[in-house]
Amino acid sequence: MAARYEQIAAELRDEILAGVHLVGSQLPSEAELAARYSAARGTVRQAVAILAAEGLIGSRQGARRIVLGGERSQSFAELHSFAQWARSKGHAVGGQVLAQRRRRAASAESVRLGSAEVLEVLRLRTLEGEPVLLERTVYASWIASAVEGLPSDCESVTQALYDRVGLVFAYGEHLIDAIAAGTEDARLLGVRRGSPLLRQRRITTTQEGRPVELSDDRYRAGSVAFSIRNSIGANPLTRLALP
């Protein structure tokens with residue numbers, strides 16, 4: 001028989017997935033849940049911790065937990081930015097540049113971007129006010145000035161660059177794996193050091209094949225899933241053995 005906190009977590013999970021608690025709304029407080037289930041506050045806290053670990057609710061301390069939703073799947077069938085995808089699903093999305101600098105390109109960056117100088121940007125993304133994604137993006141020098149001209153809280157860089165300079169991100173190559181959160185990742189995403197993160201490394205080019213950016217994107221576990229649709233005639237998914 002499941003422990004009491006597991007039973008409470010299961011019931012709350014079912015309610016979130018069924019839409020009883022809407023995305024962006026506050027979950028009842030621990031005191032309210034304890035009264036509802038006739039359970040100790042510690043038992044309720046354990047149940048809530050399970051849902052936070054699954055990414056269904058926010059993990060922020062000192063406040064009521066925010067419902068993040070049950071099914072947030074980003075498809076690779078079309079090339080959209082994180083912000084464009086989030087808005088299309090009705091989510092409140094935010095972004096903030098935490099650091100930005102021009103520097104000499106590393107050898108691998110120079111080869112892939114065809115650029116001797118790059119713009120390096122560290123950006124934190126949020127969904128429903130909760131930190132879910134860290135983007136470490138390196139832009140080719142030819143587009144660097146346009147990126148620097150964007151506001152630090154620009155919601156969608158992809159959309160802003162299209163609106164301002166007509167840039168279209170046409171092709172993307174993605175490599176997905178898992179990585180443990182380091183000290184900086186853990187602090188910025190509000191997770192424990194060593195927690196699993198979903199990492200997406202990508203390179204994006206224009207319609208003409210001109211490289212625009214290299215990015216290392218790290219998602220908090222449980223915040224977003226990726227969907228890949230394939231068939232016998234078209235299979236975009238390739239397996240790679242990691243060293």
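Nothing fancy with the numbering, it's 1 onward along the sequence. The structure displayed is predicted, hence computed values, not measured ones.
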Under 3.5 Å: donor-acceptor pair, side chain of Ser115, backbone of Ser141: yes

Asp217 side chain near Leu133 side chain, heavy-atom distance below 4.5 Å: yes

Ionic contact status for Arg104 with Glu117, cut-off 4.0 Å: no

Cluster overlap Trp142 with Val168, hydrophobic side-chain contacts below 4.5 Å: no

More than 12 heavy atoms of other groups within 6.0 Å of Arg193 CZ: no

Test: Arg202 and Asp216 ion pair at under 4.0 Å: no

Audit row: Leu150, Val157, side chain to side chain contact (heavy atoms under 4.5 Å, CB included) steps and yes/no: CA-CA 8 Å; Leu150 301 178; Val157 174; 3.8 Å; yes

Gly182 backbone acceptor or donor facing Arg187 side chain under 3.5 Å: no

Thr137 (side chain) donor-acceptor with Ser215 (main chain) under 3.5 angstrom: no

Salt bridge flag under 4.0 Å for residues Arg123 and Glu213: no

CA sep, side-chain torsions, deciding dist, call: Leu113, Val138, side chain to side chain contact (heavy atoms under 4.5 Å, CB included): CA-CA 9 Å; Leu113 292 176; Val138 177; 3.9 Å; yes

Any His21 side-chain heavy atom under 4.5 Å of Leu27 side chain: yes

Partner set under salt bridge (Lys or Arg N to Asp or Glu O under 4.0 Å) for Arg136, not counting sequence neighbours: Glu184, Asp185

Criterion side chain to side chain contact (heavy atoms under 4.5 Å, CB included) on Ile179 and Arg218, from CA distance to verdict: CA-CA 8 Å; Ile179 191 172; Arg218 302 183 183 190; 3.8 Å; yes

Cluster overlap Leu119 with Ile203, hydrophobic side-chain contacts below 4.5 Å: no

Arg199 side chain near Asp177 side chain, heavy-atom distance below 4.5 Å: yes

Which atom of Ile8 lies closest to which atom of Ala39, heavy atoms considered: CD1-CB, 4.0 Å

Pair Glu173 + Arg112: basic N to acidic O under 4.0 Å: yes

Closest approach of Arg220 to Leu197 (non-hydrogen atoms, all atoms of both residues): CA-CD2, 3.9 Å

Side chain to side chain contact (heavy atoms under 4.5 Å, CB included) assessment of Leu12 paired with Leu33: CA-CA 10 Å; Leu12 289 172; Leu33 291 173; 4.1 Å; yes

Shortest non-hydrogen contact between Gly194 and Ala180, atoms and distance: O-CB, 3.8 Å

Shortest non-hydrogen contact between Cys154 and Ala160, atoms and distance: SG-CB, 3.7 Å

Shared hydrophobic cluster for Val97 and Leu161 (ILVMFWY, side-chain gaps under 4.5 Å): yes

For Pro131 against Leu189, the heavy-atom pair lying closest together: CG-O, 3.9 Å

Between CD1 on residue Ile143 and CD on residue Glu148, distance to nearest 0.5 Å: 11.0 Å

Steps toward salt bridge (Lys or Arg N to Asp or Glu O under 4.0 Å) verdict (Arg103, Glu109): CA-CA 11 Å; Arg103 61 170 172 78; Glu109 294 168 343; 2.9 Å; yes

ILVMFWY cluster, Leu167 and Val147 together (side-chain gap under 4.5 Å): yes

Contacts of Ser110 that satisfy side chain to side chain contact (heavy atoms under 4.5 Å, CB included) - sequence neighbours left out: Ala105

Main-chain N/O of Glu32 paired with Ser29 side-chain donor or acceptor, under 3.5 Å: yes

Heavy-atom side-chain contact between Val212 and Phe169 under 4.5 Å: yes

Hydrophobic cluster membership, Leu214 vs Tyr139, 4.5 Å side-chain cutoff: no

Atom pair CD/NE2 of Gln200 and His174 - distance to nearest 0.5 Å: 5.5 Å

Donor-acceptor under 3.5 Å (Glu130 side chain, Leu127 main chain): no

Residue pairs fulfilling side chain to side chain donor-acceptor pair (under 3.5 Å) with at least one residue in residues 42-51, sequence neighbours excluded: Glu30-Arg45

Residue pair Ile176 / Tyr219, side-chain heavy-atom distance below 4.5 Å: no

Non-hydrogen atoms of Leu124 and Leu134 that approach each other most closely: CD1-CD2, 3.7 Å

Stepwise salt bridge (Lys or Arg N to Asp or Glu O under 4.0 Å) check, Glu11 with Arg36: CA-CA 12 Å; Glu11 185 169 333; Arg36 170 182 170 182; 3.1 Å; yes

Residue pair Gln96 / Ser152, side-chain donor-acceptor N/O under 3.5 Å: yes

Ser145 and Arg102: side chain donor to acceptor below 3.5 Å: yes

Heavy-atom check, side chain of Leu122 versus side chain of Gln100, under 4.5 Å: no

